[in-house]
S.K.: 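Before we start, here is the structure in question, set down as structure tokens.
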Amino acid sequence: MDGISLIGMISIFTAGLTMGLGTIGPALGEGRAVAQALSSIAQQPDETGAITRTLFVGLAMIESTAIYCFVISMILIFANPFWDYVISR
Amino acid sequence: MEFMSLKDITPDMVTIWQWGAISLNATIVFTWIVMALIIVISWLVTRGLSVDAQASRWQTLLEVLVGGIRHQIREVSRQDPDRYLPFIGTLFLFIAVSNLLTLFPVYIPPTGSLSTTAALAICVFVAVPVYGIIDLGLLGYLKLYIQPTIFMLPFNIMGELSRTLALAVRLFGNIMSGTKILAILLAVMPFFFPILMRALGLLTGLIQAYIFAILAMVYIASATRVREEREQGAQMTTSPETNQPHDPLKGDNL
């Protein structure tokens, strides 16, 4: 198997694997955070503003791990440096 | 979306105008458009401000915006919002406008380029020590880096750098994923579903603008909070009847 097909195959496979594995953790974490925030709001409706703001900031923090995985997989598919190198040679 | 193909991962690669060695890419052009829009609208509205009940619609819009930003800053930092309003408000307005303009067909959001978001994140990276040094003095600010013990120094520095990277990549990733998913969906099923994703993209864009501004405020507040806590402690020793929960040990000491 030559270099081009190997690089293409592994890049696309890794991109899918990155998205698949990388979104499991953030999904579980965001689910837990939202569930906890909802029960907190149900217990203390007066604090809805503060809870919602903290929830959004926390969700952004959690979500950023998934966003890193997304950026990596986009780079692997659309702007792969190894692929460009092999193509240009 | 017209002149940004699926292969282009950032609008930096899209050249709109070229003259000799000088070329303008889509990021710069659309950043200028967003800036011009914000400046012209604010200038036109603030020319005819009035204090009576019959204020114009646009003035009401600006009042709601500025009031909302001030309220959020005060909630997060628990300090006077006027110091932070120019910086935080500008960040929020620029990101929000540049994300919301994706309603228009030819528009490419400049926040979908890593260079724009990195520039914004570097602004935050510089603003944190500036506000911190103004508040605490140079030594007081540097002391924050060895705060629990001196062994935390490398971790504090790493945290400072990595959160800047996180700010930049978070905004870039969110906006870029919106445009990219839209382009893919347009190729796959072009009628109804892209509109839904675009509506979701508007919501995400607004939330990301909010989060960017709030996180910048949180970072700045964490560098200036020590003084405020010290002042609160001083107030508590002078007036014990604050609304703190009653602590019998502390009460005995006082």
Side-chain angles (χ1 to χ4, degrees), chain A residues 4 7-8 11-12 14-16 18-27 29-30 33-34 37 40-41 44-88, chain B residues 4-13 68-69 71-78 95 111-114 117-118 121 159 162-181 183-184 203-219 221-222:
Chain A
I4 293 184
I7 286 179
S11 298
I12 291 178
T14 314
T18 309
M19 281 312 292
L21 288 182
T23 45
I24 293 176
E30 291 201 0
V34 172
S40 309
I41 289 178
Q44 291 178 309
D46 294 343
E47 295 296 318
T48 304
I51 293 173
T52 312
R53 189 177 57 245
T54 322
L55 174 70
F56 272 134
V57 174
L59 281 189
M61 293 283 197
I62 302 167
E63 198 190 40
S64 57
T65 50
I67 293 290
Y68 296 154
C69 293
F70 178 75
V71 170
I72 294 288
S73 68
M74 281 293 115
I75 287 174
L76 280 178
I77 294 177
F78 291 114
N80 194 331
F82 306 110
W83 178 261
D84 293 344
Y85 173 70
V86 168
I87 290 292
S88 70
Chain B
M4 185 168 168
S5 72
L6 194 60
K7 180 88 170 61
D8 297 337
I9 201 167
T10 81
D12 290 2
M13 302 174 183
I69 296 172
H71 175 70
Q72 293 293 336
I73 293 177
R74 184 180 289 125
E75 288 278 310
V76 171
S77 71
R78 306 199 179 285
I95 299 173
T111 41
S113 137
L114 192 55
T117 58
S162 71
R163 78 189 185 190
T164 307
L165 180 78
L167 265 185
V169 174
R170 179 182 306 123
L171 184 58
F172 163 69
N174 270 290
I175 307 304
M176 187 266 289
S177 72
T179 53
K180 203 53 59 183
I181 285 172
I184 294 172
L203 179 70
T204 316
L206 205 55
I207 289 180
Q208 286 306 315
Y210 174 75
I211 281 170
F212 195 98
I214 286 289
L215 280 181
M217 193 58 245
V218 167
Y219 295 157
S222 74

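These figures come from a predicted structure and were not determined experimentally.
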S.K.: So for B:Y210, is it side chain, backbone, both, or neither that comes closer than 4.5 Å to the heavy atoms of chain A?
M.R.: side chain
S.K.: If I compare all heavy atoms of B:R170 with all of A:A60, which pair ends up nearest, and what's the gap?
M.R.: NE-O, 3.2 Å
S.K.: Taking all atoms of both residues into account, what is the closest heavy-atom pair of A:Y68 and B:A166, and its distance?
M.R.: OH-CB, 3.0 Å
S.K.: Could you tell me if B:K180 sits above the aromatic ring of A:F78, with its cationic atom closer than 6.0 Å to the ring centre and no more than 45 degrees from the axis?
M.R.: yes
S.K.: Measuring from atom CD of A:E63 to atom OG1 of B:T204, what distance do you get when rounded to the nearest 0.5 angstrom?
M.R.: 8.0 Å
S.K.: What are the residues of residues 47-59 of chain A, in order of number, with any heavy atom under 4.5 angstrom from a heavy atom of chain B?
M.R.: A:R53, A:F56, A:V57
S.K.: Which atom names give the shortest non-hydrogen contact between B:S177 and A:F70, and what distance separates them?
M.R.: CB-CE2, 3.0 Å
S.K.: Find the distance between CG (B:N174) and OG (A:S64) and round it off to the nearest 0.5 Å.
M.R.: 9.5 Å
